[in-house]
Amino acid sequence: MGIYPPPLENLIRQLTRLPGIGQKSAARIALYILGRDRELADELAKSLVEVKDRIRFCSTCYNLTDEDPCGVCADETRANGILCVVEGPGDQLALEESGCFRGRYHVLHGALSPLDGVGPEDLKIPGLLRRLGREKIHEVILASNPTAEGEATASYLARILGDKGVKVTRIALGVPMGGDLKYMDRMTLEHALNCRIPVRT
Amino acid sequence: MRSVISPAIILRIREFGESDLLVSFFAEDAGRLKGVAKGARRSRRRFPNCLDLFCLSRMEYVDRGKGDMLFLDSCRLINPFAGLRSDFSALSLGSYMVELTEILFPVGVGDRRMFALLRRAFEALDQGERGDRLRVIFEGRAMSLGGYGIGLECCSRCGRPYEGRGRAVFLRTRGAIGCLRCAKENAMTPSLDPPAMGALALIQSGDWKALRRMGLGPEVVSQIREVLKLHIAYRLGEKLKTTRYLE
């Protein structure tokens with residue numbers, strides 16, 4: 001038996017099932033919810049149920065959405081023919097917030113990771129291949145993360161897209177804005193030098 | 001609290017909280033360890049691109065006596081083994097090597113020879129080597145270092161010494177060879193001819209110079225692979241999760 005009453009223990013147990021939340025954090029969150037007005041608990045419970053009921057994958061880009069197609073896919077002002085492939089909805093959101101890309105997206109929902117049991121069949125790759133012909137795509141930008149898994153995913157996609165008659169590009173890798181060269185590692189500097197661009201004079 | 005600095009190969013990473021990483025690594029001195037890298041996902045100075053999968057890094061860590069979880073202070077990249085991320089087959093083989101290492105070496109069991117094997121294997125992958133040759137070398141040596149070397153000296157049934165002539169069969173329940181008088185060759189007791197026996201002995205002892213002199217032809221690799229497949233499945237009692245990506 002725990003030190004708290006069973007309903008509170010149960011809430012703590014449920015919260016510890018969330019990623020990155022341990023026993024202490026779960027107890028802190030549970031006690032906070034308990035100490036606040038009932039309204040917070042009601043809204044929280046309602047939001048949790050609503051998100052499970054209403055959020056689904058966009059049938060075109062596989063991003064999370066409450067209407068199908070999602071806002072980006074339905075937006076007729078966006079550029080057609082150019083597709084940016086990202087690992088997850090968070091990556092798409094970051095690109096969208098930057099406001100510098102006005103094409104279409106495709107969300108893979110992961111990266112190849114044999115150690116975690118994620119292979120090509122677990123990613124939304126068939127949907128990507130279907131879109132190439134249907135949407136007359138002429139360029140695919142591979143924007144997976146520059147991690148071991150993300151790089152392997154990009155090279156896997158580059159290989160299977162190679163014979164589809166589309167231009168395949170990879171986002172540039174190198175020194176980040178605000179970075180400091182003396183703290184950069186060998187691989188980052190190598191990428192930065194390989195991806196150097198001419199400066200307009 | 002003593003701070004330790006050691007070369008280490010990153011085996012796994014997992015995001016933890018807002019900006020931390022849980023890192024599993026194989027240190028040269030201390031073997032497989034786990035630690036938390038506070039703020040690693042945001043840090044450009046303490047952990048600059050050095051905590052990615054398979055990287056060889058110079059790790060600085062402290063044991064604060066909280067279970068088997070160490071605190072990682074800082075890290076510097078030595079070799080990213082970029083070739084491992086260049087295609088899915090390399091990523092899969094590297095992942096298989098990591099999984100086998102994790103099974104054979106529990107947390108805290110140090111072995112410099114295993115660290116050296118992992119490093120050499122990753123270097124080979126980085127340089128573009130793929131396929132069964134590298135796989136059997138890694139498997140044979142790793143199993144041997146993990147205490148599951150195949151007995152090659154004599155027939156495990158009658159005790160007759162193997163003198164380097166004629167074929168021998170592999171008996172998985174004994175983890176050793178048998179002579180053709182004691183056992184028949186079939187799918188569950190595959191045979192090894194003298195070159196395969198010699199090559200397997202060199203792999204298990206880690207005599208890379210002699211192995212290079214001898215060469216490792218496709219037929220030899222094929223025979224050793226069949227034996228190691230049965231040996232690993234029997235000794236470890238499970239099929240490794242990553243093997244399905246190697247087929």
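First the proteins, then the strands, lettered A, B, ... as listed; each starts at 1. All values below come from the heavy atoms of this structure, side chains included, with hydrogens, waters and symmetry mates left out. Computed from a predicted model, the values in this text were never measured in an experiment.
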*Could you look at A/P146 and say if it's the side chain, the backbone, both or neither that has a heavy atom under 4.5 Å from chain B?*
backbone
*CZ/B/R58: more than 12 non-hydrogen atoms of other groups inside 6.0 Å*: no
*Going from CE on A/M187 to CZ on B/R85, what distance comes out if it is rounded to the nearest 0.5 angstrom?*
4.0 Å
*Rounded to the nearest 0.5 Å, how far does NZ of B/K241 lie from CG of A/D116?*
6.0 Å
_Atom group of B/S92 that falls short of 4.5 Å from chain A, counting heavy atoms_ = both
*Which pair of non-hydrogen atoms, one from B/F88 and one from A/L112, has the smallest distance, and what is that distance?*
CD1-CD1, 3.5 Å
*Take atom CZ of A/R134 as the centre, draw a 6.0 Å sphere, and report whether it contains more than 12 heavy atoms from other residues, nucleotides or ligands.*
yes
*If only atom types and distance count, is the side chain of B/S95 paired as donor or acceptor with the main-chain N or O of A/P114 below 3.5 Å?*
no
_B/I78 portion near chain A, given a 4.5 angstrom heavy-atom threshold_ = backbone
_Separation of A/E151 CD from B/D87 CG (nearest 0.5 Å)_ = 12.0 Å
*Evaluate whether atom OH of B/Y148 has more than 12 neighbouring non-hydrogen atoms of other residues, nucleotides or ligands under 6.0 angstrom away.*
no
*Output the distance between atom OH (A/Y183) and atom CZ (B/R46), rounded to the nearest 0.5 Å.*
12.5 Å
*Checking heavy atoms, do the side chain of B/L11, its backbone, both or neither come under 4.5 Å from chain A?*
backbone
*More than 12 heavy atoms of other residues, nucleotides or ligands under 6.0 Å from CD of A/E39: is that the case?*
no
*Name the option with the most non-hydrogen atom pairs under 4.5 Å to chain A; the candidates are B/N79, B/L91, B/T242, B/L84.*
B/L91
*So does A/Q23 have more than 12 non-hydrogen atoms from other groups sitting under 6.0 Å from CD?*
no
*Would you check if B/L53 and A/L115 make a side-chain contact, meaning some heavy-atom pair closer than 4.5 Å?*
yes
*asked:* Taking atom CZ as the centre, does B/R14 end up with more than 12 heavy-atom neighbours from other residues, nucleotides or ligands that are less than 6.0 angstrom away?
replied: no
_I need the B/F47 CZ to A/D185 CG distance, nearest 0.5 Å._
14.0 Å
